[in-house]
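Written below as structure tokens is the structure these notes are about.
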Amino acid sequence: MKSFYRSISINLLFNGLFFIYFFLIESVFKGEPGWKILYLPRIYFQSLILINALHLFWVFGSIWVKGFYRVVTLLFVLVSAAYMLQYFFVYYTGVYAFPAALMQPEAINIWLTINNVAYVIIGTLGVIVIFYIVNQKIIKPLANRKAVVIHLFTTTLLLSSLLGIYKATQIYTKEMAIKLDRGTTDPLLALLGTIRMMTQSEALTMPIFTNEELIQIKALGLPIDTAARYPLFKTSISKDSIPFKKKKPITNKNVIIIYCESLSAAFVSSFNDTLPQLTPHIDQFSSQGTKFTNYINHCTPTVNGLLGQFNSYYATANANLWNNSRPNFAQFQGFPNILREHNYNTYLFSYEDKSASINLRQLFFEAGFEHVLLRDELSASNGFPYADYLSDEQMFDATINFLDNQPKEPFLLTTLTIETHLGTAVPEYYHKYDAVDNDLLHLFSNFDYHFGRFWEYFQNSAFFHNTTVILTADHSYFPTKEANDLFSRNNNQAFIDKIALIVYDPEYEMPAVVETTASALDFAPTLLHLLNIKEAPNSFAGLSIFGERKNYPEVFGREGGHITQLSTAGELINHPINQPKPRAAELFEKWLHYQNFLIQENRIFPNSTNP
């Protein structure tokens, strides 16, 4: 009987830790049936098999190989560390580790608190102590044939029971599984998959489309001509006229674009009335322009978001790809390149230079910006002290100084800001939100104050009468626990969300609100359409919001394996990896694979080096 009790003890230990861990995971998620413990086997069946396979490997390896328990204890320490890492990801972001976060490791600093580090150290030591005691007191006494047979019997009985529960609950949890807005991959396997995505760049194969699929893809508004050498290439940006009355004709309007880091629409009071006076200066700007209320980011993080908007394509590159086999953006024809061909002087101001990880200067040059001024150039020309990055205050100072120096017109100026990024500290001198003492809200309140300085200057300048100003985001704010708690939303919110897009234009009498469903994929054709540039060779995947987009109201965003769909009613629907998807989302995913294949084969846009 002792062997039987020891066997039961081992099974209870492993599977008990398994259920405790995933119960903690479930407690973080909101809106899930976490209390229905029978639902767990469906979600974590992979984990159940993996944990018990490791447990049997340890038991029998330790019995038959002297000193083997030391090797396996180390293995379990690593596995435990991976599981703990994934728990922190779930706690702070709502999902397992994803490429976007690992591309910006500085964001992880928000998790490296004294308490969290202490938890990791205590947890690791605890695993070592527990496994040592179990090996000495339970496993070693099992080192005989009879005990081994008993252990195999009890383990098989337990797994069979859990498998039976899993099969039985499949019937009763089918509807819940369909509605589940996250994947079911084991945390360890998910982490290994993410690392693989970031370290490998495999050659893509060309997907084959049926005639019916081609018709359905075109019905989504996505460009495709599989018979052409350049299947996305076209010569028109929009065939529609701008549907607004002209106040006065303006030739060669200047353009200023402010990309605010992570500016989800929820952080702007004119989009979200639950936070009154959080952004009074942006609200004033919005009252003099047009806000787009059903506009989402289409990819993430910053580099993907920006280049995806410049070139109107789905940027899905990971850190390894940006530094090695990334696309050459000279093969694209983005709006900066098209504006240069229309005699615009193109400028981009950036708060930092990630040359140690990503060559931003080269990327932005390839995207079509003739003048790329990063942290060092802006600091030198504006007298800023050296720092790791330029503050939002300094970026708006640089923008105002640029306008003060009477740049040659027409010009495109794109200014990037950073201090609303995940994990930014809030110094005492920030212009904070009075209504609520919340660091996250203070960051956006501070940005709003400095945007207000710019907007006040701009209204009193000559540029007010001949320059379009656009405020938008590189991507949405990540669904951290802090943000989700603030907005009382589901912690499984995807990395695609509604973002701010506000446009001031001196030429047209534009409406106060545009409700057309659209995404940042549509930014380039919409901007060029507004500048009265309707014809230009391009390979844009997006459509003008002022033109054809209204005929194709279903739009998509993608991060990692997750696809998010903005329905015609303006509702965000998340379709996780490894989950059933509606037909439209499946076709989009297949088209996206095709786009990436065309990038790999340099078949996006014909140019002098790519006839």
Please set out all donor-acceptor pairs under 3.5 angstrom arising from side-chain atoms of residues 243-251, sequence neighbours excluded.
residue	atom	partner	partner atom	Å
K246	NZ	E507	OE2	3.3
K248	NZ	H465	O	3.2

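- When side chains are defined from C-beta on, K581 does not count as touching F588, because their heavy atoms never get closer than 4.5 Å.
- Between atom CG of residue L521 and atom CG of residue N297 there is a gap of 11.5 Å, rounded to the nearest 0.5 Å.
- Checked against a 6.0 Å centroid threshold, the rings of Y344 and F411 do not count as neighbours.
- Among residues two or more places apart in sequence or in another chain, the salt bridge (charged side-chain N to carboxylate O under 4.0 Å, His left out) test is passed with E554 by none.
- Between S262 atom OG and H421 atom NE2 the span is 5.5 Å, to the nearest 0.5 Å.
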| message | For a ring-ring contact (aromatic ring centres under 6.0 Å, His included) check, start with the C-alpha distance between F464 and Y504, then their side-chain angles and the critical distance, and finish with the verdict. | response | CA-CA 9 Å; F464 184 72; Y504 161 79; 5.0 Å; yes
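- By the salt bridge (charged side-chain N to carboxylate O under 4.0 Å, His left out) test, E393 pairs with no residue at all, sequence neighbours left out.
- In this model, no donor atom of one side chain and acceptor atom of the other lie less than 3.5 Å apart for Q277 and S269.
- In this structure, the separation between CD on E212 and CG on L214 is 10.0 Å, given to the nearest 0.5 Å.
- The aromatic ring centroids of Y594 and W591 lie 6.0 Å or more from each other.
- Scanning for side chain to side chain donor-acceptor pair (under 3.5 Å) contacts around N272 gives T274, with sequence neighbours left out.
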| request: Report the C-alpha distance between Y508 and N532 in whole Å, list the side-chain angles of each, state the deciding distance to 0.1 Å, and finish with yes or no for side chain to side chain donor-acceptor pair (under 3.5 Å). | output: CA-CA 11 Å; Y508 291 101; N532 304 304; 2.5 Å; yes
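- Aromatic ring centroids of F349 and F396 lie 6.0 Å or more apart.
- Taking CH2 of W455 as the start and CG of L471 as the end, the distance is 10.5 Å to the nearest 0.5 Å.
- Taking the side chain as every heavy atom from C-beta outward, Y477 and L440 approach each other to under 4.5 Å.
- Between atom CD1 of residue I224 and atom CD of residue Q216 there is a gap of 11.5 Å, rounded to the nearest 0.5 Å.
- Within 6.0 Å of CD on Q288 lie more than 12 heavy atoms contributed by other residues, nucleotides or ligands.
- Expressed to the nearest 0.5 Å, how far CZ of F540 lies from CG of L528 amounts to 5.0 Å.
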| said: As a quick check of understanding, evaluate side chain to side chain donor-acceptor pair (under 3.5 Å) for Q333 and S539, giving each step before the final call. | reply: CA-CA 7 Å; Q333 185 74 340; S539 293; over 6 Å; no
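- For the residue pair Y295 and D522, no side-chain donor N or O sits within less than 3.5 Å of a side-chain acceptor on the partner.
- With respect to E213 and R583, a salt bridge is recorded, a charged nitrogen being found less than 4.0 Å from a carboxylate O.
- Contact check for F605 versus N311: no side-chain heavy atoms found under the 4.5 Å cut-off.
- D397 meets the salt bridge (charged side-chain N to carboxylate O under 4.0 Å, His left out) test with R453; sequence neighbours excluded.
- In summary, of the residues considered (H529, R549, K550), a side chain to side chain donor-acceptor pair (under 3.5 Å) with S544 occurs for H529 alone.
- Side chains of T279 and D283: a donor on one and an acceptor on the other come within 3.5 Å.
- In this structure the side chain of L592 never reaches within 4.5 angstrom of the side chain of F556, judged on heavy atoms.
- Here K234 pairs with nothing under the salt bridge (charged side-chain N to carboxylate O under 4.0 Å, His left out) rule; sequence neighbours left out.
- Between N252 and N343 the shortest side-chain heavy-atom distance does not fall below 4.5 Å.
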